[in-house]
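Chain naming here is simple, since letters A, B, ... match the order of the sequence lines and numbering starts at 1 in each.
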Amino acid sequence: MAYWLIKSEPTVYPWAQLVKDKRTSWTGVRNAQAAINLKAMKPGDRLFFYHSNEGKEIVGIAEVVKAAYPDPTDEAGKAVTVDVKAIEPIKTPVTLAAIKAEPKLKEFGLVRQSRLSVVPVSDEQWKFILKMSAA
DNA sequence: GCCAACGTTGGC
DNA sequence: GCCAACGTTGGC
């Protein structure tokens, strides 16, 4: 099982909305690198849900329920989307500041490539961030 | 196929 | 609101 982090601007699609919807298709990703990551996702993979711009923190955990398929919102037909569902909120949101302050997370994609909206998370990073969120 | 110009994202 | 990082576009 693999781990990922997906970003959303709270003003566009906040965590609370995913909880309310229970599941959604993660459309609108146009970036090539992000699309590669989407394609690598498998049902059962876990995702951190991160709020960009406002909040700037990881707020919940979601799960991939359907592997990548063509994004119906993309007229060019190149983009892909996956379906995700909310699993649980995080006890203590893990802020970007906290992640940056942590030497162990220096290599985290969120820090290294801040503009990428779909980022892989290693096992170690996942566990470490989980620990931070349980504090 | 290279690279400058331009647009967008996202943190501060 | 500003600016750095980075992706995309378009001229050559």
Fill in the blank from the handout: When rounded to whole Å, the CD1 to P distance for the pair A:I36 and C:dG7 reads 11 Å

Problem - Among B:dC12, C:dA5, C:dG7, the nucleotide that comes nearest once only the side chain of A:R115 is considered - result: C:dA5

Fill in the blank from the handout: Taken to the nearest whole Å, CD/A:Q113 to P/C:dA4 is 19 Å

Handout entry: Polar side chain donor-acceptor pair, A:W26 to A:D83, under 3.5 angstrom
Key = no

Problem - Whole angstrom value for the distance that separates C1' of B:dC12 from CD of A:E57 - result: 16 Å

Handout entry: Interatomic distance where NE2 belongs to A:H51 and P belongs to B:dT9 [whole Å]
Key = 17 Å

Handout entry: side-chain N/O A:K7 vs B:dG10 OP1/OP2, d < 4.0 Å
Key = yes

Practice task
Tell me whether the OP1 or OP2 atom of B:dG10 has a side-chain N or O from A:K100 closer than 4.0 Å.
Solution key: no

Exercise for the section: Measure the distance from CG on A:L96 to C1' on B:dG10 and round it to the nearest whole Å. Expected result: 10 Å

Practice task
Describe the nucleic acid contact of A:Q33 in one word from base, sugar-phosphate, nothing, applying a heavy-atom distance below 4.0 Å.
Solution key: nothing

Practice task
Could you tell me whether the side chains of A:S52 and A:R115 share a donor-acceptor contact shorter than 3.5 Å?
Solution key: no

Handout entry: Positive for ring-ring contact (aromatic ring centres under 6.0 Å, His included) with A:F48, one of A:F108, A:F128, A:W15, A:W126
Key = A:W126

Problem - A:N53 CG - B:dC12 P separation (whole Å) - result: 11 Å

Problem - Between C1' of B:dG11 and CZ of A:R112, the distance in whole Å - result: 18 Å

Exercise for the section: With heavy atoms under 4.0 Å as the rule, sort A:L116 into base, sugar-phosphate or nothing. Expected result: nothing

Handout entry: Whole-Å gap separating P (B:dT9) and CZ (A:R30)
Key = 11 Å

Handout entry: Common cluster, A:I61/A:V84, ILVMFWY with side-chain heavy-atom separation under 4.5 Å
Key = no

